[in-house]
Amino acid sequence: QVQLVESGGGLVQAGGSLRLSCAASGLIFRINVMGWYRQAPGKQRELVATRGTDGSANIADSVRGRLTISRDNAKKSVYLRIDSLKPEDTAVYYCAADVQTIGSSSYQNYWGQGTQVTVSS
């Protein structure tokens, strides 16, 4: 019913920047929170940053000050930029969204397939 498609991952040198994009499509009536999570090898998935429709943001301490998260509600998209990348930022980055689908009265959490980000030292 809902698809989230990420783009923009890849190999980046330490100190560089990356920009990830995520677009939602499908039977979408309304999207509440959209954002990004990541999972490094051998670790649990963790929050990177999310942004609500009211503009509020929730940002992990590990990336605070290096990150910009933005949304384009008309395009049902969310964007992530991380500067001053570190090897420990290496992970699969997942887009997530709380979506109310057409005909539904509640929100459901959806995930993208993930995009690999590798930061070389």
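What you see is a predicted model; the values in this text were computed from it and never measured. FYI, side chains are in, hydrogens and waters are out, and symmetry mates aren't considered; it's all heavy atoms of this structure.
Linking Ile, Leu, Val, Met, Phe, Trp and Tyr residues whenever their side-chain heavy atoms come within less than 4.5 Å places L4 and I69 in a single cluster.
Shown here for A14 and S121, the closest heavy-atom pair between the two residues is CB-CA, 4.2 Å.
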### Message
Please evaluate residues I28 and T101 with respect to the criterion side chain to side chain contact (heavy atoms under 4.5 Å, CB included), reporting the C-alpha separation (whole Å), side-chain torsions for both, the decisive distance (0.1 Å), and the verdict.
### Response
CA-CA 4 Å; I28 298 170; T101 55; 5.7 Å; no
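Put simply, the side chain of S25 does not reach to within 4.5 Å of the side chain of K76, judged on heavy atoms. The shortest distance between side-chain heavy atoms of R30 and Y107 falls below 4.5 Å. Counting heavy atoms from C-beta on, the side chains of L80 and L67 come closer than 4.5 Å. Residues S21 and R19 have side chains in contact (heavy-atom distance under 4.5 Å, counting atoms from C-beta outward).
Here S106 pairs with nothing under the side chain to side chain donor-acceptor pair (under 3.5 Å) rule; sequence neighbours left out. Checked against side chain to side chain donor-acceptor pair (under 3.5 Å), Q13 has no partners two or more places apart in sequence or in another chain. The side chain to side chain contact (heavy atoms under 4.5 Å, CB included) search around R71 returns I31, M34, R51, T53, N73, V78, not counting sequence neighbours. A search for side chain to side chain contact (heavy atoms under 4.5 Å, CB included) contacts involving T118 returns L11, T90, Q116, not counting sequence neighbours. The side chain to side chain donor-acceptor pair (under 3.5 Å) check on S70 picks up nothing, with sequence neighbours excluded. Annotation: side chain to side chain contact (heavy atoms under 4.5 Å, CB included) contacts of V117 (sequence neighbours excluded): L18, L20, Y93, V119. Residues forming a side chain to side chain donor-acceptor pair (under 3.5 Å) with N58 (at least two apart in sequence, or on another chain): none.
To the nearest 0.5 Å, atoms CG (N32) and CD (Q100) are separated by 9.5 Å. Going from atom CG of L85 over to atom OG of S17 covers 6.0 Å, rounded to the nearest 0.5 Å.
Under a 3.5 Å cut-off, the side chain of S77 and the backbone N or O of K75 do form a donor-acceptor pair. For the pair R64 (side chain) and I59 (backbone), a donor-acceptor distance under 3.5 Å is present. Remark: side-chain polar atoms of E6 are paired, donor with acceptor, to backbone N or O of G114 under 3.5 angstrom.
Heavy-atom neighbours of E46 CD from other residues, nucleotides or ligands within 6.0 Å: above the threshold of 12.
Within the structure, no pair that satisfies the disulfide (SG to SG under 2.5 Å) test touches residues 27-77, not counting sequence neighbours. Within the structure, the ring-ring contact (aromatic ring centres under 6.0 Å, His included) test picks out no pair touching residues 59-83 (sequence neighbours left out). Residue pairs meeting the salt bridge (Lys or Arg N to Asp or Glu O under 4.0 Å) criterion with at least one partner in residues 89-98, sequence neighbours excluded, are R38-D89, R66-D89. The stretch residues 78-117 participates, sequence neighbours left out, in these disulfide (SG to SG under 2.5 Å) pairs: C22-C95.
Annotation for W111: hydrophobic cluster partners, listed by chain and number, are Y37, L47, V92, Y94 (ILVMFWY side-chain heavy atoms under 4.5 Å, direct or chained).
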